[in-house]
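Below: the structure, in structure tokens.
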Amino acid sequence: MASKTLRQGFEFTDQDFSRLRELVYQHTGIRMADNRRDLIYGRLSRRLRTLGMHSFSDYCNLIEDGHEDELEAFTNAVTTNLTAFFREAHHFDYLANTVLPELLQHKQKNPRIRIWSAGCSTGEEPYTLAMILRENIPDMHNWDVRILATDLDSEVLAKAAAGIYEQQNIQRILGQRLKRWFRKGTGIHQGKAKVLPELQELISFRKLNLMESWPMKGPFDIIFCRNVLIYFDKPTQKKLFDRFASILDPKGHLFIGHSESPLDLTDRFTLIGQSVYQRCK
């Protein structure tokens with residue numbers, strides 16, 4: 001028997017959920033499991049209220065018609081953003097102690113480093129990367145270093161570009177590092193902290209859907225794409241791993257989440273550290 005949900009005046013049927021799941025996959029590549037029904041209802045019912053709509057069926061029609069502004073709001077609503085400064089700290093230790101020294105030695109004649117933070121959310125990851133670069137490249141002024149930070153969600157990108165964080169977001173940053181790279185907020189930002197321009201100037205924040213064309217040419221020396229691919233099905237993961245390999249330097253590094261692996265999907269990477277891979281083809 002088909003089920004439906006009726007809360008706060010909105011009927012939510014199996015057909016509605018099925019249509020929305022297909023629309024999420026079509027526009028983001030993300031596969032929504034059966035247990036995400038309440039999540040979809042909760043996030044998109046807010047859109048119905050905002051738009052003054054009365055049914056999920058009408059909302060599906062709006063998305064299927066390709067309404068550009070609502071497509072952006074739709075993708076913002078259904079994507080999940082979970083991040084933190086120095087999350088999975090072993091990755092940043094490996095970057096500082098192994099990858100960067102090798103890069104600095106290898107690229108003396110071509111002092112150019114390019115890093116991509118894919119799925120950067122509210123910016124904690126690219127700002128952490130910027131701290132590591134500033135702290136571990138002593139002659140930074142002699143290097144051409146850039147971080148590309150991308151996400152599908154335009155709202156979190158705006159927060160990332162602002163670089164302003166609540167106190168609870170910066171608690172895991174050690175005292176000396178906190179003093180070095182952040183300033184206390186004043187006025188309307190009282191009680192918050194803002195990253196210094198020295199970090200912001202290394203980063204370009206851009207909206208990007210991983211499932212669509214990538215405007216950047218590369219090559220990247222390092223790609224961080226952590227806990228993003230777990231939301232995609234295996235064929236999509238394979239496609240993305242191969243695309244990452246193609247835009248990486250021939251010996252470039254890929255950092256991913258501990259629940260993700262390219263090894264059963266492609267032969268273009270080899271495991272060299274804890275959820276750290278190097279392009280081999």
Side-chain angles (χ1 to χ4, degrees), residues 81-107 111-151 156-206 220-228 252-258 272-276:
N81 299 288
L82 179 63
T83 187
F85 287 102
F86 292 91
R87 185 182 185 196
E88 296 188 58
H90 63 92
H91 279 160
F92 300 104
D93 291 338
Y94 192 87
L95 175 64
N97 299 327
T98 303
V99 177
L100 269 182
E102 291 176 0
L103 265 180
L104 296 178
Q105 181 66 33
H106 173 65
K107 307 197 78 171
R112 174 189 181 278
I113 296 176
R114 292 294 183 268
I115 301 176
W116 179 14
S117 170
C120 69
S121 188
T122 46
E124 285 89 334
E125 179 177 274
Y127 285 126
T128 302
L129 290 169
M131 288 182 233
I132 294 296
L133 292 171
R134 288 285 188 193
E135 292 168 2
N136 291 276
I137 304 179
D139 55 342
M140 189 75 161
H141 60 282
N142 292 325
W143 287 80
D144 175 14
V145 181
R146 297 293 301 170
I147 300 167
L148 173 65
T150 67
D151 203 279
V156 298
L157 279 172
K159 294 178 181 178
I164 298 170
Y165 295 94
E166 302 284 351
Q167 287 296 320
Q168 63 263 29
N169 297 119
I170 59 175
Q171 286 178 348
R172 68 171 64 192
I173 304 175
L174 298 178
Q176 284 303 112
R177 183 173 268 154
L178 190 62
K179 288 181 181 179
R180 182 175 180 182
W181 299 120
F182 290 82
R183 291 293 176 266
K184 291 182 178 179
T186 59
I188 62 172
H189 300 306
Q190 186 75 32
K192 301 179 182 179
K194 180 170 174 46
V195 297
L196 289 187
E198 289 93 322
L199 299 184
Q200 290 181 297
E201 67 188 17
L202 295 180
I203 306 169
S204 297
F205 291 100
R206 298 286 184 269
F220 288 97
D221 301 289
I222 300 161
I223 296 176
F224 271 65
C225 187
R226 305 183 304 164
N227 305 304
V228 174
H253 293 80
L254 175 66
F255 291 73
I256 57 178
H258 62 83
I272 60 170
Q274 188 179 348
S275 54
V276 181

- prompt: Has Q167 got more than 12 heavy atoms of other residues, nucleotides or ligands less than 6.0 Å from its CD?
  reply: yes
query: If you take all heavy atoms of I203 and A149, which pair is closest and at what distance?
result: CG2-CB, 3.9 Å
- prompt: Which of these passes side-chain contact (heavy atoms from CB on, under 4.5 Å) with L104: I137, N136, D139?
  reply: I137
- request: Quick one: closest heavy-atom pair of A161 and Q200, and the distance?
  value: O-NE2, 3.1 Å
query: Say you draw a straight line from CD of Q274 to NE2 of H91; how long is it, rounded to the nearest 0.5 Å?
result: 6.5 Å
- prompt: Which heavy atom of A193 sits nearest a heavy atom of I170, and at what distance?
  reply: CB-CD1, 3.6 Å
- line: Closest heavy-atom pair, L157 versus T150, reported as atoms and distance to 0.1 Å, is CD2-C, 4.4 Å
- prompt: Heavy-atom distance under 4.5 Å between the side chains of L103 and I222, does that happen here?
  reply: yes
F92 vs F224, ring-ring contact (aromatic ring centres under 6.0 Å, His included): CA-CA, chis, key distance, verdict: CA-CA 11 Å; F92 300 104; F224 271 65; 5.5 Å; yes
task: Locate the shortest heavy-atom distance separating R146 from S204; write the atom from each residue and the value.
output: NH2-OG, 2.5 Å
message: Could you check whether any side-chain heavy atom of F220 comes within less than 4.5 Å of a side-chain heavy atom of L148, counting everything from C-beta outward?
response: yes
- prompt: Partners of Q105 by side-chain hydrogen bond (donor to acceptor under 3.5 Å, both in side chains), sequence neighbours excluded?
  reply: none
message: Out of the candidates D144, D221, I147, only one should pair with I113 under the side-chain contact (heavy atoms from CB on, under 4.5 Å) rule; please name it.
response: D221
- prompt: Do E125 and R226 have side chains that get closer than 4.5 Å, going by heavy atoms?
  reply: yes
Sub-4.5 Å side-chain heavy-atom contact between L202 and M140: yes
Set of salt bridge (Lys or Arg N to Asp or Glu O under 4.0 Å) partners for R134, sequence neighbours left out: E201
message: Distance check, rounded to the nearest 0.5 Å: L254 atom CG versus I272 atom CD1?
response: 10.0 Å
message: As an exercise, state the distance from OH of Y165 to CZ of F182, rounded to the nearest 0.5 Å.
response: 7.5 Å
Side chain to side chain donor-acceptor pair (under 3.5 Å) contacts in which one or both residues fall within residues 169-181, not counting sequence neighbours: E135-R177, E135-W181
statement: d(C120 SG, L129 CG) to nearest 0.5 Å is 10.5 Å
message: Do I115 and V145 make a side-chain contact, defined as non-hydrogen atoms from C-beta onward lying under 4.5 Å apart?
response: no
- prompt: What do you reckon, is NZ of K107 surrounded by more than 12 foreign heavy atoms closer than 6.0 Å?
  reply: yes
field: Nearest atoms (heavy-atom pairs only) where G123 meets F205
entry: CA-CE2, 4.3 Å
